[in-house]
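First the proteins, then the strands, lettered A, B, ... as listed; each starts at 1. As a basis for the values below, the full set of heavy atoms in this structure was taken, side chains included, without hydrogen atoms, waters or symmetry mates.
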There are 2 protein chains.
Amino acid sequence: MAEKAAGGGVQSVERVFELLELITDAGGEVTLSELSSSTDLPLPTIHRLLRTLVTKGYARQLPNRRYALGPRLIRLGEGANKQLGALARPQLKHLVDSLGETSNMAVLDSDMVIYIAQVPSPHSMRMFTEVGRRAHTHDTGVGKAILAQLGDDAVRSIVARAGMPTPTEKSIKSIDELLEELGRIRGRGYSIDEQEQELGVRCFAMAVPNAPTPTAISVSGPVSRVDERFAEKAVPLLRAAAQTISDELNLAS
Amino acid sequence: MAEKAAGGGVQSVERVFELLELITDAGGEVTLSELSSSTDLPLPTIHRLLRTLVTKGYARQLPNRRYALGPRLIRLGEGANKQLGALARPQLKHLVDSLGETSNMAVLDSDMVIYIAQVPSPHSMRMFTEVGRRAHTHDTGVGKAILAQLGDDAVRSIVARAGMPTPTEKSIKSIDELLEELGRIRGRGYSIDEQEQELGVRCFAMAVPNAPTPTAISVSGPVSRVDERFAEKAVPLLRAAAQTISDELNLAS
DNA sequence: ATAATAATATCCATAATACGGAAACTAACT
DNA sequence: AGTTAGTTTCCGTATTATGGATATTATTAT
């Protein structure tokens, strides 16, 4: 009767994850009726679904009677993280071996990027990021590469939610400036973080095409080493690595 | 007809999470038939459930045709982590304010503990652990406090899977030694990490009772400051904090 | 304090949804 | 090329999830 978007999905499963996503979107705490106005599911249905989650530990009920994400999700998230990292690490390793600079992979997490995997450069230079670390989208190479894959409206809402701090004087300061830069990135196929996150650090990044979750990889290092000549070598390698990761991610059915 | 364990849970939801847990248990990659022998679900059912997860991004299918955890779980896990940490942080903060030493909360994640939240001590002493970090159970205060809540059989299988490295000469070396120690912990109500993880560092830890996922909190610092007199103050405070966290976690329906 | 209001939780008849046996298909091994 | 093991699709069946109506509990107003 009702035309469902997906053909053969199990409805209660789809719904339950939709609910979990909504709870996450809302910052971790939601009331039942908030959920029923966000979705167009009737209250009893939501309640039953959530009760199942609560008894299994994937959701919790707070003193407020609000619902929140449950502790057992942590393990699953960790597992997924580890797994994805394992998939990317050989490619990142190859980049580091060829280029000599630190390589990262990150995914979009709501309105920030999360670093999923890192292979540090052999140079004894401190790492600027760490796995699990969250960063803004507008001032990082991976962030901008990811944003360039999205529509302007999505970009606006992400940046509106996350804000636009300016860690250095080179950081992008306005949404218009950012949208312009994203245009350049779309044309060029990769993004450059020109000391926007930290002075003296330059980064080249590229989106992983067709990733289920928006994903990008990057190489970064001191401006002295990471220059135009570096880019000539790095960009094709980044493209190949991104493609390989994409293939591995998307090899379904 | 079939007597289901849980009264009012939504079956497909329960099953789907059972599958995700099994994938995680198996180290992130499973074949369909492995799943069907672990559960007693028929293959078509598992396949349909997984296909739903795959199309939504909560599972992935690898080139091997194996199934793995999907990237969208990362965000949910992060969200749960943040949320739980937020719940514990005021209590940890209170411990640090009263005792002047670093306080942590950790949960059991399969066969290791994961640090969920930390409030560092005001002393300029480096931190030994970081949020998100995984550690063994047998050589940490939180780990032993958590193990003491479990049965001997469960402890044995956890330690068998995780192994028993001995970072210091004070570390517990055998399963029998560990089970004895757990007995003492049960009697006393709290655990002591006596330089077992790192020389010079002592830690008092206590389980959070009735947590949906086994959970413990701790205070730790240099042996010079964290001594018997310290324990007299710390233990009642730990107990109160653990109880408060427990109440907040369990205040359901 | 007490009443009015709004939220959450439970019931239960209905039928739509998920189920799983059987068969088709695909890859891996001999 | 033939065989086996594993994965995927089909489809009739009935079990399972559904959601309108109702009861219950919290919250706010008086």
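Across all their heavy atoms, B:T215 and B:V107 have their closest contact at OG1-CG1, 3.5 Å. Shown here for A:A207 and A:A242, the closest heavy-atom pair between the two residues is O-CB, 3.7 Å. Shown here for A:M206 and A:R239, the closest heavy-atom pair between the two residues is SD-CA, 3.3 Å.
Straight-line distance from the CZ atom of B:R66 to the C1' atom of C:dA27: 14 Å, rounded to whole Å. For the pair A:R51 CZ and D:dT18 P, the interatomic distance rounds to 14 Å; values are reported in whole Å.
Considering only side-chain N and O atoms, B:Y67 lies nowhere under 4.0 angstrom from the phosphate OP1 or OP2 of D:dG6. Between A:H47 and C:dA9, a side-chain N or O to OP1/OP2 separation shorter than 4.0 Å is present. A sub-4.0 Å separation between OP1 or OP2 of D:dG6 and a side-chain N or O of B:T31 is absent.
With respect to the salt-bridge test (charged N to carboxylate O, under 4.0 angstrom), the residues B:D25 and A:R75 qualify. Salt bridge B:E21/A:R72: present, at least one basic N to carboxylate O contact under 4.0 Å. Using a 4.0 Å cut-off between a side-chain N of Lys or Arg and a carboxylate O of Asp or Glu, B:D97 and B:K93 qualify as a salt bridge.
Residues in residues 11-67 of chain A take part in these ring-ring contact (aromatic ring centres under 6.0 Å, His included) pairs, two or more places apart or across chains: A:F17-B:F17, A:F17-B:Y58, A:Y58-B:F17.
Paired regions of DNA chain D, where each region holds three or more successive Watson-Crick or G-U pairs whose two hydrogen-bonding distances fall under 3.5 Å, are C:1-30 with D:1-30.
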Considering only nitrogen or oxygen atoms on both sides, find all protein atoms under 3.5 Å from nucleotides 19-22 of chain C and state each distance.
residue: C:dC19; atom: OP1; partner: B:R15; partner atom: NH1; Å: 3.2
residue: C:dC19; atom: OP2; partner: B:R48; partner atom: NH1; Å: 2.4
residue: C:dG20; atom: OP2; partner: B:R15; partner atom: NH1; Å: 3.3
residue: C:dG20; atom: OP2; partner: B:T45; partner atom: OG1; Å: 2.7
residue: C:dG20; atom: N7; partner: B:R48; partner atom: NH2; Å: 3.1

Apply salt bridge (charged side-chain N to carboxylate O under 4.0 Å, His left out) to residues B:D111 and B:R156 and explain how you reach the verdict.
CA-CA 10 Å; B:D111 48 11; B:R156 280 179 195 280; over 6 Å; no
